[in-house]
Visitor: 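This structure is in structure tokens; I'll ask about it shortly.
Only heavy atoms go into these numbers, but all of them, side chains included; no hydrogens, no water, no symmetry mates.
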Amino acid sequence: MEALSFKYKEKKIRNFTQKLNLGFLLASLVAGISLWLGTLIKNIYVVEFSLLFFTTFLTVLFANLVIDRAYRGLSNEWIYVESPRKVVIKTKCEHRPSLFSTPLISKLFKKSWAHFLIVLPSFIVFYVVMAAGIVGYQRLNQVGLNLVNFASDISWLFWFPLLWLLTWVANGRVWCQTCPFSGQAEWVQRRHPWKFVKNKLGLKLRWPVKYSTIVYSAIGFSVLTWVEEFYGIGGPGVPLLTSVVLIYIAALELGIALLFQDRTFCRTVCPLSAPLAINTMISPLGTFTAKDPEVCRKCTTKDCMKGNDRTHGCPWFASPVSVNSSSPFCGLASDCYKACPHGNIDWPVKRFPWLDGLFTTRKRYDIAVSVLILLGVTFFQFFNALPLYSMLDSWLNHVTGWIDVARSLGPGLSVYGWSTTGYPNPLDYVFLNSVPFLIVVPVAKLTRKYRLAFTSISYSLVPLFAATILARNLPKLLGGALLILNEVTDPAGFGVHNSQIYSTFWGHVLQVMGSNPSGATAEWRVMPLMEAVNLFGVYLALRAAKTLSEIDEIPMKYYYVPILALGTAFVLITYWMCSPSSPSLPFYNEYLGNVLYNPLQAQPPF
């Protein structure tokens, strides 16, 4: 009887996964047709919305088909990779082992309205951003930047760099805790912003366990980065394009929240989930975890996961019974802390170098794959600042005919000063994204323990990714973010045009400091800071590799090649990309810029 019941459930799950994939196939076709129609009627809103939804649906479908081909089962066992040694490494700060040791914080997070209060400020700001981006000043300057509209400037000169800075000063998931899009979707789903309502809104479908992976998010981050680079959205570029991206994310999250359980979008599809989850593993602030795992094992109600008659359970499906203090899938929603009847939930502060989140003996293969995808995205963002890339990309765009397709994807934007050379060509973008794989895969195969070695080596590269993505965004943060203060009283940007920013107080401050936001460069001091951050990432990667080598019983030499090869590449490219744009200097090279120059002449590019 039990065998028949199991077969029935198995058949039911397989039918659901087939319907899910069919649904994403149909959605991809509809979005693709909409994209084509948008190019015909030359409407940029239709084109960008359709392109974003088309690439999202196609990403999910592609990932599902790859998983189905590689693994025939229905569980998520394909994700896990076991280490030969079973050890638990947990570190806590001696001075303040837990944030909940502060009475104000511990009492605040017990309140039902606490999470609403945390989300509300960012909710207000981002709706102002969306409005300013649509109705505000849109024109670009001579290098393709808009430096007077609050929408694009706060999004790309401040918020986006801040995401990666949070990794090193708090926790990568702090943004998830304050995210306005997940907040509003959850308010709708739970029928109230803070009060407990038992019956949630929506179909409450369960995302298949087999597909419970952040690979969607990593690929989505890569695809969204390509879209951002293509349109110059993060330049900061035409503000309405920033608003379209934000509306797309808000709409997609709300749609998935009404179809699936709780925060399925946040855990799987959100393009920021993978990078923030991975960075969280090495953040100084941990995630919610059990003080005493034995108390959790003896608990029969599991209120932290299921909820009770006073509060909901964890919407992230992240059990606090973790082997370390930094579960990448905890979104700091605090529902488990409110629901636990034993007061057994902790929020640990870790001891430097904060790496114990990497030292689990049950690693995840999908996290390893995601690390390399994201590191590839970062490698592209560095390499594309070299003259060599511009030459190759321009040649490829004309040889493949991509330039003609590219021009059809930006209808109506020319009135704002936008134009395209086809950058970035999808072919060279994919190739540069694959560089970390081209290094790690051959090295892992030499160990004769490929799956374990691939996963372990990728884990050691997490600090390098966290450091380099921060380093690449420092020029915008330090060379342009102050302009936002000019826009607080004029978010639409009609009062000052791009050519007048140096006549404003904060524009003049940046100019005096040596930055040139109108030319998309920061002051020279940013370059050595970028190099310091890069080198710090290499140092932490080597330190992590030493412990991972012991846990996973893989010789240290196999970690050295990827870490040092990629680390050296990032350090050299950073120096070359920041070189002054002056062919008259003695060591000028047409492919790399000035190969050797005085750091005081550095011009770190946005």
Visitor: Got a donor-acceptor contact below 3.5 angstrom from the Asp153 side chain to the Ile484 backbone?
Guide: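 A pair under 3.5 Å: no.
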Visitor: If I take atom CZ from residue Arg267 and atom SG from residue Cys176, how far apart are they, to the nearest 0.5 angstrom?
Guide: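 If we round to the nearest 0.5 Å, Arg267:CZ and Cys176:SG are 12.0 Å apart.
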Visitor: Should the ring pair Phe383 and Phe379 be called parallel, tilted or perpendicular, given that the plane angle runs from 0 to 90° and is split at 30 and 60?
Guide: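 Geometry flag for Phe379 against Phe383: parallel rings.
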Visitor: Is there a donor-acceptor contact under 3.5 Å from the side chain of Ser217 to the main chain of Ala274?
Guide: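 Between the backbone of Ala274 and the side chain of Ser217 there is a qualifying donor-acceptor contact (under 3.5 Å).
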Visitor: Relative to each other, are the rings of Phe123 and Tyr127 parallel, tilted or perpendicular (30° and 60° limits)?
Guide: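 Plane angle between 30° and 60°, so tilted.
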Visitor: Centroid-to-centroid, Trp506 to His508, below 6.0 Å?
Guide: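 No, the ring centres sit 6.0 Å or more apart.
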Visitor: Hey, does the side chain of Gln138 reach the backbone of Gly136 with a donor-acceptor pair shorter than 3.5 angstrom?
Guide: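 At least one qualifying donor-acceptor pair exists.
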Visitor: Heavy atoms, side chains only, cut-off 4.5 Å: are Glu253 and Thr264 in contact?
Guide: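 Not in contact.
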Visitor: Tyr248 and Phe53: ring pair (Phe, Tyr, Trp, His ring centres under 6.0 Å), yes or no, with the steps?
Guide: CA-CA 8 Å; Tyr248 143 78; Phe53 281 108; 5.1 Å; yes
Visitor: Between Leu510 and Gly480, which heavy-atom pair has the shortest distance, and what is it?
Guide: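 So the two residues come closest at CD1-CA, 4.0 Å.
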Visitor: Would you name the heavy atoms of Pro180 and Ser122 that are closest together and state the gap between them?
Guide: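 Looking at all heavy atoms of both residues, the closest pair is CD-OG, 3.6 Å.
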Visitor: Within this structure, what is the OG-CD1 distance for the pair Ser98 and Ile105, rounded to the nearest 0.5 Å?
Guide: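 So the OG of Ser98 and the CD1 of Ile105 are separated by 8.5 Å.
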Visitor: How long is the gap from CG on Leu117 to CG on Leu108, to the nearest 0.5 Å?
Guide: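 Leu117 atom CG to Leu108 atom CG measures 7.0 Å (nearest 0.5 Å).
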Visitor: Can you see which heavy atom on Arg139 is nearest to which on Asn498, and at what distance?
Guide: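 For Arg139 and Asn498, the tightest heavy-atom pair comes out as O-ND2, 3.0 Å.
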Visitor: Would you kindly say whether Asn279 and Thr167 are connected by a side-chain donor-acceptor distance under 3.5 Å?
Guide: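 Side-chain D/A pair, Asn279 to Thr167: present.
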Visitor: Counting heavy atoms not belonging to Phe158, are there more than 12 under 6.0 Å from its CZ?
Guide: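 Open.
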Visitor: Using 4.0 Å as the upper bound for N to carboxylate O, is an ion pair formed by Arg190 and Asp335?
Guide: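 Yes.
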Visitor: Is it the case that more than 12 heavy atoms not belonging to Lys42 sit under 6.0 Å from its NZ atom?
Guide: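 No - once you tally the heavy atoms of other residues, nucleotides and ligands closer than 6.0 Å, there are 12 at most.
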Visitor: For residues Pro97 and Val349, determine if any side-chain heavy atom of one lies less than 4.5 Å from a side-chain heavy atom of the other.
Guide: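 Result no, sub-4.5 Å side-chain heavy-atom pair not found.
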Visitor: Would you say that Phe570 contacts Thr378 through its side chain, given a criterion of any heavy-atom pair below 4.5 Å between the two side chains?
Guide: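 Yes, side chains in contact.
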Visitor: Between Gln381 (side chain) and Gly376 (backbone), is there a donor-acceptor pair under 3.5 Å?
Guide: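 No; zero donor-acceptor contacts below 3.5 Å.
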Visitor: Determine whether a donor-acceptor pair (N or O, by modelled atom type, separation under 3.5 Å) exists between the side chain of Lys476 and the backbone of Gly234.
Guide: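 Flag set: sc Lys476 to bb Gly234 pair under 3.5 Å.
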Visitor: If the plane angle is over 60° it's perpendicular, under 30° parallel, otherwise tilted; pick one for Phe126 and Trp159.
Guide: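 Because their plane-to-plane angle is over 60°, the rings of Phe126 and Trp159 count as perpendicular.
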Visitor: Measuring from atom CH2 of Trp194 to atom CZ of Phe116, what distance do you get when rounded to the nearest 0.5 angstrom?
Guide: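 Taking CH2 in Trp194 and CZ in Phe116, the distance rounds to 5.0 Å.
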Visitor: Going by heavy atoms in the side chains, are Met530 and Met577 under 4.5 Å from each other?
Guide: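 Result yes, sub-4.5 Å side-chain heavy-atom pair found.
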Visitor: Could you report the tightest heavy-atom contact between Leu276 and Gly172, atom names first, then the distance?
Guide: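 Closest pair (atom of Leu276, atom of Gly172, distance): CD2-O, 3.4 Å.
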Visitor: At their closest point, which heavy atom of Ala333 faces which heavy atom of Lys338, and how far apart are they?
Guide: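 Distance-wise, the nearest heavy atoms are O-NZ, 4.2 Å.
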Visitor: Parallel, tilted or perpendicular for Phe24 and Phe57, by the 30°/60° rule?
Guide: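 Geometry flag for Phe57 against Phe24: tilted rings.
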Visitor: Would you sort out whether Trp207 and Gln261 count as a side-chain contact (heavy atoms from CB on, under 4.5 Å), showing the intermediate values?
Guide: CA-CA 8 Å; Trp207 192 267; Gln261 294 176 329; over 6 Å; no
Visitor: Could you walk me through whether Thr287 and Leu332 pass side-chain contact (heavy atoms from CB on, under 4.5 Å), step by step?
Guide: CA-CA 7 Å; Thr287 53; Leu332 303 178; 4.2 Å; yes
Visitor: Check for a donor-acceptor pair, side chain of Ser243 on one end and backbone N or O of Met130 on the other, with a separation under 3.5 Å.
Guide: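 Yes: the side chain of Ser243 pairs with the backbone of Met130.
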Visitor: Between the side chain of Trp347 and the main-chain N/O of Gly286, is any donor-acceptor distance below 3.5 Å?
Guide: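 Pair found, side chain donor or acceptor close to backbone of Gly286.
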Visitor: Taking Trp164 for its side chain and Ala466 for its backbone only, find out whether a donor-acceptor pair lies under 3.5 Å.
Guide: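 A pair under 3.5 Å: no.
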Visitor: Can Asn146 and Asn141 be said to form a side-chain contact (heavy atoms from CB on, under 4.5 Å), step by step?
Guide: CA-CA 6 Å; Asn146 181 303; Asn141 68 5; over 6 Å; no
Visitor: Take Trp316 and Phe329 through the test ring pair (Phe, Tyr, Trp, His ring centres under 6.0 Å) and record every step on the way to the result.
Guide: CA-CA 7 Å; Trp316 287 77; Phe329 293 97; 8.3 Å; no
Visitor: Return yes when atom CZ of Arg206 has more than 12 non-hydrogen atoms of other residues, nucleotides or ligands closer than 6.0 Å, and no otherwise.
Guide: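 At most 12 heavy atoms, drawn from other residues, nucleotides or ligands, come within 6.0 Å of this atom.
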Visitor: Just by distance, do the side chain of Asn171 and the backbone of Leu285 share a donor-acceptor pair under 3.5 Å?
Guide: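 Side chain of Asn171 to backbone of Leu285: a pair is present.
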Visitor: Quick one: are Pro517 and Ile501 in side-chain contact, heavy atoms under 4.5 Å?
Guide: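 Counting from C-beta outward, Pro517 and Ile501 do come under 4.5 Å.
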Visitor: Should Ser334 and Phe288 count as side-chain neighbours, where that means a heavy-atom distance under 4.5 Å?
Guide: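 They are in contact (side-chain heavy atoms under 4.5 Å apart), so the answer is yes.
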Visitor: Please lay out, stage by stage, how Trp156 and Phe606 fare under the test ring pair (Phe, Tyr, Trp, His ring centres under 6.0 Å).
Guide: CA-CA 10 Å; Trp156 304 107; Phe606 283 13; over 10 Å; no
Visitor: One pair to check against side-chain contact (heavy atoms from CB on, under 4.5 Å): Ile118 and Phe109. What are the steps and the verdict?
Guide: CA-CA 10 Å; Ile118 292 170; Phe109 277 86; 3.9 Å; yes
Visitor: Under 3.5 Å, is there a donor on one side chain and an acceptor on the other for Ser273 and Tyr216?
Guide: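 On atom types as modelled, these side chains do not qualify, holding no pair under 3.5 Å.
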Visitor: Assess the side chains of Thr574 and Asn534: does a donor N or O sit below 3.5 Å from an acceptor N or O?
Guide: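 Checked: Thr574/Asn534 side chains pair up, N/O donor to acceptor below 3.5 Å.
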Visitor: Give, for atom NZ of Lys200 and atom CG of Leu258, the distance between the pair rounded to the nearest 0.5 Å.
Guide: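 One gets 12.5 Å once the value is rounded to the nearest 0.5 Å.
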Visitor: How close do Thr504 and Gly507 get, counting heavy atoms only, and between which atoms?
Guide: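 So the minimum-distance heavy-atom pair works out to OG1-N, 3.1 Å.
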Visitor: Decide yes or no for Phe265 and Ser182: does some side-chain heavy atom of the first lie under 4.5 Å from some side-chain heavy atom of the second?
Guide: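 No, their side chains stay 4.5 Å or more apart.
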Visitor: If the test is side chain to side chain contact (heavy atoms under 4.5 Å, CB included), which one of Ile278, Thr468, Leu374, Leu372 qualifies with Leu461?
Guide: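 Considering Ile278, Thr468, Leu374, Leu372, a side chain to side chain contact (heavy atoms under 4.5 Å, CB included) with Leu461 is found only for Leu372.
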Visitor: Under 30°, 30 to 60°, or over 60°: which ring-plane class applies to Phe100 and Tyr337, parallel, tilted or perpendicular?
Guide: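 The rings of Phe100 and Tyr337 lie parallel, inter-plane angle below 30°.
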Visitor: If you measure from CG on Leu166 to OG1 on Thr280, what distance do you get to the nearest 0.5 Å?
Guide: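 Interatomic distance, Leu166 CG to Thr280 OG1, rounded to 0.5 Å: 10.0 Å.
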Visitor: Taking atom types as modelled, find out whether Lys110 and Ser106 have a side-chain donor-acceptor pair closer than 3.5 angstrom.
Guide: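 Note: Lys110 and Ser106 side chains miss the donor-acceptor criterion.
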Visitor: Which one of Thr59, Thr55, Asn433 satisfies the side chain to side chain donor-acceptor pair (under 3.5 Å) criterion with Ser222?
Guide: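 The single option meeting the side chain to side chain donor-acceptor pair (under 3.5 Å) with Ser222 is Asn433.
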Visitor: Checking the side chain of Tyr231 only, and the main-chain atoms of Trp226 only, is there a donor and an acceptor separated by less than 3.5 Å?
Guide: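 No; judged by distance alone, with no hydrogens or angles, the pair does not exist.
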Visitor: Does any part of the side chain of Ser518, heavy atoms only, come nearer than 4.5 Å to the side chain of Leu147, both counted from C-beta?
Guide: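 Of all side-chain heavy-atom pairs linking Ser518 with Leu147, at least one is under 4.5 Å.
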Visitor: Is it the case that Thr289 and Asp346 place a side-chain donor and acceptor less than 3.5 Å from each other?
Guide: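 Absent: no donor and acceptor within the cut-off.
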Visitor: For Tyr423 and Glu229, test the side chains for any donor-to-acceptor distance below 3.5 angstrom and give the result as yes or no.
Guide: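 Checked: Tyr423/Glu229 side chains pair up, N/O donor to acceptor below 3.5 Å.
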